[in-house]
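Heads up: the structure comes next, in structure tokens.
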Amino acid sequence: MEVSAEAKRIMVVALGKLYSSRTQRGGLRLHRSLLLTLVMKSARDLYHEAQATAESVAPGYELQQHAAAEVTTEPHVELQGPASPTAGQPRTLPREEVGGPPTELDNKENMCPSGPAQHSRKRRGKAAVEPDFLPCKKAKLEQANCGPQLIVNSVLLDYVNCGSELGAPPPPLPLQRAIAAC
Amino acid sequence: MGEDAESPKINHTFLRDYVTEADVISTVEFNQTGDLLATGDKGGRVVIFQRETESKGELEEVGETGDSGEYNVYSTFQSHEPDFDYLKSLEIEEKINKIRWLPQQNAAHFLLSTNDKTIKLWKVSERDKRPEGYNLKDEEGRFKDVSTITSLQVPVLKPTDLMVEVRPRRVFSNGHTYHVNSISVNSDGETYLSADDLRINMWHLGITDRSFNIVDIKPANMEDLTEVITASEFHPHHCHLFVYSSSKGTLRLCDMRASALCDKHTKLFEEPEDPGSRSFFSEIISSVSDVKFSHSGRYLLTRDYLTAKVWDLNMDKGPVETYQVHDYLRSKLCSLYENDCIFDKFECAWNGSDSVIMTGAYNNFFRMFDRNTKRDVTLEASRESSKPRAVLKPRRVCAAGGKRRKDDISVDSLDFTKKILHTAWHPNENIIAIAATNNLYIFQDRVNPETQ
């Protein structure tokens, strides 16, 4: 469970860094934004894997399942706006406690969950397909339920638009809108 | 590999009780002879140091040949100013990302300096004579009354105090949408490349209003972006070859004879990922922060967060040598991610004979690896350990709670705000320049001055 907590923390930290980099001198750094996005995706994938493992291995732990399901929706709410990661944190803390405090050695924080994945999970590109046990992508998008991915790609779109000769900061756009070419 | 500390005269120039952001050194580069050393800082300034030549008398006494002098400030100038892109509402930092010297062709020296967007060519020239004896002007430069002039004289050149003049000769702007991370002068002496996150341009040194785009990895849909260009360099001898590194840890060797646009690499250097060592931060730590050709042109040296690797151009399956710079950080990656240190970009350097590689680390430590003897050493750039003529003491980092010898430092005691990102090695001799935040350290090996 500490892997889930760790993954969530990493995602939240990544988002905080992404948002704060918008106000940095010199503008958004593409390399840094890309690395943060990749870390977030890694964390999210491993988080979902851990949840899937927990659900399949221990169906009796209803409390944790409840926490997991709620935590899954947590990020979508807390990640919608720049201020919300911090606002969301107090709400997530009780759920982390439910999951159990991390007790492992330092190294564990870096390690992937060792449980067998239900499906073979290849490394995904940026426009990733969600794991099967979650609602299908179309439904998720309509419910604005993509969570980190939606925001992440908006950040990159934002950077691209800032970088293009056409200029002008972008209005909020649904994910599928094409980006003006640089 | 004993080394002597440089005279504190150099260090004192930079000593301050506080560190202003603008004073942080952001690049260090020797010229081709090693007589000049240029540093750039976050405030957009360039400081050039020149090696003093010892007088002939001293040389004869000691029995040494050649220079073994100190480096003193030669010239200082403001290279880049803060700028603003009004169209994109973006501030452009004046920080000097890279400096590269051009090979010297006449009495003047030329260097390229770049910030995030604009590359400039600077001419550094000396003036030690001035004309005297003008007919129409007096000594102060005021025009004489013509009626007082009774004879003609020919102005003569008289020696004066040395003056170093630095003038901008070319400004290469509007070539990059993204942030410039590298510049590299071609061995043809006429062109150079500049690389940003997604594109590499080739410029002619004499033409500022256009450049050739030679690499473009920007995807049609930015959502599909998976890697960026992190560093690029021309081959030291073959003017048609260059290499660029990516955030995925790959190197691409490109041959400009193959096509005008080198998106398709000639060779791809990639080490297969070890699935056992996969973690949340695998992508970040595998990103290559610097790539350097060896002087021979046969090898490539790359630096990623935890290692330095030597690659043979003839073998693309993986590096031929891997050196662990600070593997004790592998279990600390999460903390380093939170305090942003995991994004630090360390540079690396070859010595003149390509037998030793050097790179920086934290706590003002820097590391050297001898490729032949496989010995390595950790040294510290600090005022306490850099008394004049002192021999630098090798340092050791031990695991937290592990057996500690005297003078060892524990991993938990490392100061991550003191990082050595920029280092340079004299092209021929065992002289190294180390940038430690706002301080520049120059160390010379008096025991073995020549690179072997």
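Order of the sequence lines fixes the chain letters, A, B, ..., with proteins taken first and strands second; residue numbering starts at 1 for each chain.
- Within a 6.0 Å radius of CZ in B:Arg210, other residues, nucleotides and ligands contribute 12 heavy atoms or fewer.
- Between the side chains of B:Arg303 and B:Ser289, no donor N or O sits under 3.5 Å from an acceptor N or O.
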message: Between B:Glu21 and B:Lys95, does the salt bridge (Lys or Arg N to Asp or Glu O under 4.0 Å) criterion hold? Intermediate values first, please.
response: CA-CA 10 Å; B:Glu21 188 72 10; B:Lys95 174 169 80 93; over 6 Å; no

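- Only the side chain of B:Phe343 comes within less than 4.5 Å of a heavy atom of chain A; its backbone N, CA, C and O stay farther away.
- Neither the backbone nor the side chain of B:Asn181 comes within contact range of chain A, judged by heavy atoms closer than 4.5 Å.
- Within the 4.5 angstrom heavy-atom criterion, only side-chain atoms of B:Thr230, from C-beta onward, approach chain A.
- Using a 4.0 Å cut-off between charged nitrogen and carboxylate oxygen, B:Arg45 and B:Glu81 do not count as a salt-bridge pair.
- In summary, the aromatic rings of B:Tyr362 and B:Phe346 are positioned with their centroids under 6.0 Å apart.
- With a threshold of 4.5 angstrom between heavy atoms, B:Ser287 approaches chain A through side-chain atoms but not through N, CA, C or O.
- For B:Lys248, no part lies under 4.5 angstrom from a heavy atom of chain A.
- Only the side chain of B:Leu198 has a heavy atom closer than 4.5 Å to any heavy atom of chain A.
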